[in-house]
Amino acid sequence: MKHVPVHVSLITIIEIMAILVGALSGFVEARRKRMDIVGVFTVAFIAAFGGGTLRDILLDKRPLFWVMHQEYVILIFVLTLVATPLMRTVKQIISERVIVVADAVGLGLFAVAGVAQAQAAHMPIFIASMMGVITGIFGGVLRDIVCNEVPMVLRDGKPYAICAFFGTWLYIGLQYADLVSDDAALWTSAAFIAILRLVTWKFDLHLRSHH
Amino acid sequence: MKHVPVHVSLITIIEIMAILVGALSGFVEARRKRMDIVGVFTVAFIAAFGGGTLRDILLDKRPLFWVMHQEYVILIFVLTLVATPLMRTVKQIISERVIVVADAVGLGLFAVAGVAQAQAAHMPIFIASMMGVITGIFGGVLRDIVCNEVPMVLRDGKPYAICAFFGTWLYIGLQYADLVSDDAALWTSAAFIAILRLVTWKFDLHLRSHH
Amino acid sequence: MKHVPVHVSLITIIEIMAILVGALSGFVEARRKRMDIVGVFTVAFIAAFGGGTLRDILLDKRPLFWVMHQEYVILIFVLTLVATPLMRTVKQIISERVIVVADAVGLGLFAVAGVAQAQAAHMPIFIASMMGVITGIFGGVLRDIVCNEVPMVLRDGKPYAICAFFGTWLYIGLQYADLVSDDAALWTSAAFIAILRLVTWKFDLHLRSHH
């Protein structure tokens, strides 16, 4: 595998955007489970940082992203204080459509950032793809585990993790083909994942079931 | 942030006391879920060491406390063997009041020890506070996840994690003010958390709900 | 404790065999919870690698086994693609008896490999035994947590973890006695665990309950 020039600033921007979207999904899920303000913050934090934190623990990478950038933790903390009393209003303003779109963008950004981080840690290629998918979906998996639910992404038969999986291979393929800059490969792959997710959601595509 | 003179022996004493209280909560919860002796030991172990272990994994600190001190693991092991057959008697002897008091003391001790460990690892100040709260509450969170419950501390609307949160900032504030020794700051903050928790429990204070 | 000559090749063989058995338990459990193909792969992966991964995180050992050997991850990936559509047939072919036998063998292999890895990391003796038991049972514990069940091994009152526990001490004892080669000690202890598990299963032995 060729050496990957990781653009730290780009990855940082990617992760910030993904974090805010992840936190929102945590707010919604925690409120659905009637958690208190501590639960709302904890679940938002886990949804936002869980996937990246699990990836970094598996890669043994420290300091963790949110330890280096306590400003993002404080941001979620403040959002929790502000958003919790306004949750009814927030729910009315933010439709399901907005959440799905933001979540699709977050999935693409997290997954591609995860591959790049794994490559920077010299992971083999299939593991790098998996680290991308883990980064993309495990915030949600851990969020659902804490909320005492079977993780949605593992059971709803919708191509969510699979969109991320294909996107990680598009990113890896674009790097091999070497036709575009690494920046372009990152953004293209993240956009591909987000669009693929939205198209499959729009047409309500399901994996064939074999129950 | 000034350099924090961490008194290892003091923190060690703090952690031992907190471990025994944590294990007790695990015994009670595991029995409530009708677990067998393996479950009782596992849940007691997780309740006792889970918060500190998660903190150390996040900080990348090794060896873990319980790896360095296998005597505490053996202690919980022996307590499991002894306590399990006597659980009915134990339940009659140990009232809810005793458990709540011991748990409040454990919360204070764990949280303050967590801040001190995070400061020793040069964490930024908000992250150090969070590591304290994580140390204080995640033994219980992980215990409830293993027991397939929505974690109590995230949903009951009682100011438990919040007591720990305020106490970590009292500790940080006392260090800045520099009026008392670090030992005094540790014990004062741990006592503050325990008392705040007991007062809010006594008067059955709840966070305002926004369901 | 004497220095343990860890035979890497032997441990590798042990772990591969145990991984396939673990993955099978994940397939079965994920289908029982009506998960989709992403869930089947994830749960099989967690069941297969979860115990060893948790051990390595606790020991701070990297790279993880499955990161070094992406071929095993790809194997489970391919098995998921092949096995999912054929699950009905697989269920008819593979009886409960076969699963229990394979699982008993896996338990023995995982547990003994876990002790050897912990000894290689210079863990104290009781912790090494515990690391063996964790390696043996936590794939199943994590599998059940993701599937939103109280972990079977913690509640069914059957001597499963206890078989592993005794086996780890047999292994440690054989090393001390120094009568047989370390290879012989490894295989003897793994076989002891598997047989003990099967005998207790055959006669449906339960721990005395104290509910």
Side-chain angles (χ1 to χ4, degrees), chain A residues 26-27 29-46 49-50 52-54 56-78 80-91 141-150, chain B residues 1 33 51 53-62 107 118-119 121-131 133-134 136-138 140-166 168-169 197 200 205-211:
Chain A
F27 287 139
E29 183 69 13
R31 295 306 293 179
R32 195 176 292 153
K33 299 293 284 191
R34 309 187 73 83
M35 286 188 174
D36 60 30
I37 200 167
V38 175
V40 170
F41 173 71
T42 304
V43 173
F45 183 90
I46 288 170
F49 296 113
T53 299
L54 177 59
D56 286 350
I57 289 173
L58 294 174
L59 296 178
D60 207 18
K61 182 172 171 293
R62 297 291 191 298
L64 300 170
F65 181 79
W66 51 272
V67 164
M68 273 189 296
H69 298 280
Q70 65 170 339
E71 59 271 24
Y72 303 126
V73 181
I74 295 171
L75 178 62
I76 293 183
F77 185 79
V78 172
T80 302
L81 295 180
V82 173
T84 303
L86 302 174
M87 207 62 201
R88 263 191 209 141
T89 319
V90 171
K91 265 192 214 162
V141 169
L142 294 172
R143 175 199 66 205
D144 291 350
I145 289 174
V146 171
C147 289
N148 203 24
E149 301 276 354
V150 178
Chain B
M1 189 187 322
K33 301 292 283 191
T53 299
L54 177 58
R55 178 202 63 214
D56 285 350
I57 289 173
L58 293 175
L59 297 178
D60 207 17
K61 182 172 171 293
R62 297 292 191 296
L107 177 67
Q119 288 177 327
H122 308 293
M123 291 292 109
I125 193 166
F126 194 85
I127 301 298
S129 164
M130 270 198 54
M131 289 292 174
V133 179
I134 287 172
I137 74 170
F138 259 78
V141 169
L142 293 173
R143 175 199 66 206
D144 291 350
I145 289 174
V146 172
C147 289
N148 202 25
E149 301 276 354
V150 179
M152 179 67 78
V153 70
L154 304 183
R155 68 177 159 88
D156 68 358
K158 291 175 189 164
Y160 186 87
I162 289 170
C163 295
F165 181 75
F166 285 139
T168 62
W169 287 103
R197 163 66 181 149
T200 59
L205 296 184
H206 280 68
L207 301 170
R208 200 155 56 89
S209 174
H210 303 278
H211 294 312

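Just so it is clear, the structure is predicted and the values come from calculations on it, not from any experiment. Here is the naming used below: chain letters follow the sequence lines, and residue numbers restart at 1 for every chain. Both backbone and side-chain heavy atoms feed into the values below; hydrogens, waters and symmetry mates do not.
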State, to 0.1 Å, how close A:Arg62 and B:Leu59 come at their nearest heavy-atom pair, and which atoms those are.
NE-C, 4.4 Å
Show every donor-acceptor pair shorter than 3.5 Å between a side-chain atom in residues 151-159 of chain B and any protein atom, with sequence neighbours excluded, or say none if there are none.
unit_1   : atom_1 : unit_2   : atom_2 : d
B:Arg155 : NE     : B:Val150 : O      : 2.9
B:Arg155 : NH2    : B:Val150 : O      : 3.4
B:Asp156 : OD1    : B:Lys158 : N      : 3.1

Check: A:Gln70 and B:Ile125 side chains under 4.5 Å, non-hydrogen atoms:
yes
Rounded to the nearest 0.5 Å, what separation is found between the CZ atom of B:Phe138 and the OG1 atom of A:Thr42?
5.5 Å
The test is ring pair (Phe, Tyr, Trp, His ring centres under 6.0 Å); show your working for B:Phe165 and A:Phe41 and say whether it passes.
CA-CA 13 Å; B:Phe165 181 75; A:Phe41 173 71; 8.3 Å; no
Shorter than 4.5 Å, heavy atoms on both sides: which option in A:Ile145, A:Ile37, A:Val146 has the most such pairs with chain B?
A:Val146
Can you tell which of A:Phe77, A:Trp66, A:Tyr72 makes a ring-ring contact (aromatic ring centres under 6.0 Å, His included) with B:Phe126?
A:Phe77
Of all residues at least two apart in sequence or in a different chain, which pass the ring-ring contact (aromatic ring centres under 6.0 Å, His included) check with B:Phe166?
none
If I take atom CG from residue B:Leu58 and atom CD1 from residue A:Ile57, how far apart are they, to the nearest 0.5 angstrom?
5.5 Å
Working to the nearest 0.5 angstrom, can you tell me the gap between B:Ile127 CD1 and A:Ile74 CD1?
7.5 Å
